[in-house]
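Values below: every heavy atom of this structure, side chains too, minus hydrogens, waters and symmetry copies. Naming convention: chains lettered A, B, ... in sequence-line order (proteins, then strands); numbering from 1 in each chain.
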Number of protein chains: 2
Amino acid sequence: MKISEVSKIYDIPVDTLRYYEKEGLIPTVNRSQSGRRDYTQEDCNWVEFIKCMRSAGVQIDALAQYVKLFVQGDDTIEQRKNILVEQRKKLEEKIKEQRKTLALLKAKIENYESVVLDAEKNLK
Amino acid sequence: MKISEVSKIYDIPVDTLRYYEKEGLIPTVNRSQSGRRDYTQEDCNWVEFIKCMRSAGVQIDALAQYVKLFVQGDDTIEQRKNILVEQRKKLEEKIKEQRKTLALLKAKIENYESVVLDAEKNLK
DNA sequence: GTAAAACTTAAAGCCGACTTCAAGTCAAGC
DNA sequence: GCTTGACTTGAAGTCGGCTTTAAGTTTTAC
């Protein structure tokens, strides 16, 4: 599969796909004789995985480290798991923080709504 | 209150406090005759609010816009509310996205755990 | 067969959000 | 009274994560 097709399917700019590969977020993609990328299904699975992780803010470094270990083989399974566990923890904490902010936002909005209601009362 | 005290209380670097003020995330803080910042309780409330919003990734622009409207007075109540509503929506979507990623992470981790278990079985 | 579109790499540029630096003024403790 | 540390501003630097540019090659459509 060509890079433009992968770009379309996963809605990721071709430049970003190349950038991800350069940074090691995806194992190296095979090239045709003329040097063009030819994505396999496995490559696509990586792209999908990385897209999901990046959408939640998982850092480039952590993902590159994970892929590096993956490429090294089965001896790195424990280390890879540890990376995922760490990211899970980070993400859980982030969500917790955001729920707090969300609660504050909701309270403020309610406050604005009651202010508006009071203003309307005074008009009557 | 001096900037160093505010910095300590809210655990925000003094440089960041000055930066936030410069960018309009906090209404201008009063100065002493010698030009030094003297934070009131209200200023501190702003700092706390901004800290919470920033911790959830609410953008500088949106917060600056909110403060700008606040300073303009009561005619901007509706607009201010709209900013908060928009940010609430963004945050809800972000949390939703992250929960998806969290689910994927958890599934992967479980998978690694069963791989490790299987490996142990083979050792027996 | 030729022109337009898609691909390649390496390097530079950009954006948001700080962070550090330079050069100076002021305040508090001894 | 003088030194040390906290403060001031404006400008430059940094960092993560892309995005754009330049300069070239290959494929595709007509």
Side-chain angles (χ1 to χ4, degrees), chain A residues 1-26 28-40 43 46-47 49-67 83 86-87 90-91 94 97-98 101, chain B residues 1-26 28-40 43 46-47 49-67 83 86-87 90-91 94 97-98 101:
Chain A
M1 200 184 285
K2 287 190 289 180
I3 195 168
S4 55
E5 298 174 286
V6 178
S7 168
K8 220 168 205 169
I9 292 170
Y10 296 102
D11 194 30
I12 302 173
V14 290
D15 304 290
T16 303
L17 287 171
R18 283 193 278 255
Y19 167 72
Y20 282 171
E21 187 182 344
K22 199 183 72 183
E23 295 298 310
L25 272 67
I26 299 163
T28 312
V29 176
N30 278 336
R31 312 298 159 111
S32 69
Q33 301 97 318
S34 62
R36 299 190 172 192
R37 287 172 181 77
D38 184 18
Y39 287 78
T40 63
D43 292 329
W46 274 107
V47 169
F49 171 64
I50 292 302
K51 185 186 177 179
C52 182
M53 293 300 123
R54 287 295 306 130
S55 80
V58 176
Q59 280 147 284
I60 301 283
D61 291 19
L63 296 170
Q65 182 61 15
Y66 182 79
V67 172
I83 290 179
E86 196 191 324
Q87 295 307 316
K90 279 193 179 184
L91 198 45
K94 203 149 84 175
E97 190 83 45
Q98 292 179 353
T101 302
Chain B
M1 202 185 283
K2 287 190 287 179
I3 196 168
S4 56
E5 297 175 286
V6 179
S7 168
K8 221 169 204 171
I9 291 170
Y10 295 103
D11 195 28
I12 301 174
V14 290
D15 304 291
T16 304
L17 286 171
R18 283 193 280 255
Y19 167 72
Y20 282 170
E21 187 181 343
K22 198 183 72 182
E23 294 299 310
L25 271 68
I26 298 163
T28 313
V29 176
N30 278 334
R31 311 300 158 110
S32 67
Q33 302 97 316
S34 62
R36 301 190 169 187
R37 287 169 181 79
D38 183 16
Y39 288 77
T40 64
D43 292 331
W46 274 108
V47 169
F49 171 64
I50 292 301
K51 184 188 178 178
C52 182
M53 292 300 123
R54 287 294 306 129
S55 80
V58 176
Q59 281 150 282
I60 300 284
D61 291 18
L63 296 170
Q65 182 61 16
Y66 181 79
V67 173
I83 289 180
E86 196 191 323
Q87 294 307 316
K90 278 194 178 183
L91 198 46
K94 203 149 85 176
E97 190 83 45
Q98 294 179 351
T101 302

task = Would you mind building the protein contact string for nucleotides 25-30 of chain C? One character per nucleotide, 5' to 3', B for base within reach (heavy atoms under 4.0 Å), S for sugar-phosphate only, - for untouched.
result = BBS---
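The CG-P distance, from A/D15 to C/dC14, rounds to 16 Å in whole Å. Rounded to whole angstrom, the span from the CG atom of A/D38 across to the P atom of D/dT26 amounts to 17 Å. Rounded to whole Å, atom P of C/dC7 lies 17 Å from atom CG of A/N30. Between B/K8 atom NZ and D/dG5 atom C1' there is a gap of 13 Å when expressed in whole angstrom units. The distance between atom CG of A/L17 and atom P of D/dT20, rounded to the nearest whole Å, is 14 Å. To the nearest angstrom, P of D/dT25 lies 18 Å from CZ of A/R31. Between B/Y19 atom OH and D/dG10 atom P there is a gap of 15 Å when expressed in whole angstrom units. Atom CE of A/M1 and atom P of D/dT27 are 19 Å apart (whole Å).
A/M1 places none of its side-chain heavy atoms less than 4.5 Å from the side chain of A/T40. Using a 4.5 Å heavy-atom threshold, the side chains of B/V14 and B/R18 count as touching. Proximity of A/Q87 to B/T101: side-chain heavy atoms (C-beta onward) are nowhere separated by under 4.5 Å.
OP1 or OP2 of C/dT19 sits under 4.0 Å from a side-chain N or O of B/T16. A sub-4.0 Å separation between OP1 or OP2 of C/dC18 and a side-chain N or O of B/Y20 is present.
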message = As a quick check of understanding, evaluate ring pair (Phe, Tyr, Trp, His ring centres under 6.0 Å) for B/Y66 and B/F49, giving each step before the final call.
response = CA-CA 12 Å; B/Y66 181 79; B/F49 171 64; 5.8 Å; yes
inquiry  = The test is side chain to side chain contact (heavy atoms under 4.5 Å, CB included); show your working for B/R31 and B/R36 and say whether it passes.
reply    = CA-CA 5 Å; B/R31 311 300 158 110; B/R36 301 190 169 187; over 6 Å; no
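Here the side chain of B/S4 is nearest to one of C/dA17, D/dT8, D/dC7, namely D/dC7.
Backbone-only contact: B/Q59 has heavy atoms under 4.0 Å from sugar-phosphate atoms and none from a base.
Of the two residues near DNA chain D, B/R18 and A/R54, the one whose nearest nucleotide lies more 5' is B/R18.
Residue A/R37 holds its CZ atom at 9.5 Å from CD1 of A/I26, rounded to the nearest 0.5 Å. Expressed to the nearest 0.5 Å, how far CD of B/Q65 lies from CD of B/E86 amounts to 10.5 Å.
Side-chain atoms of B/E21 come within 3.5 Å of backbone atoms of B/V29 as a donor-acceptor pair (strictly under, hydrogens ignored).
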Any N/O pairs under 3.5 Å between the protein and nucleotides 12-14 of chain D? List them or say none.
none

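Contact between B/I12 and B/V47 at its shortest, heavy atoms only, is CD1-CG1, 3.8 Å.
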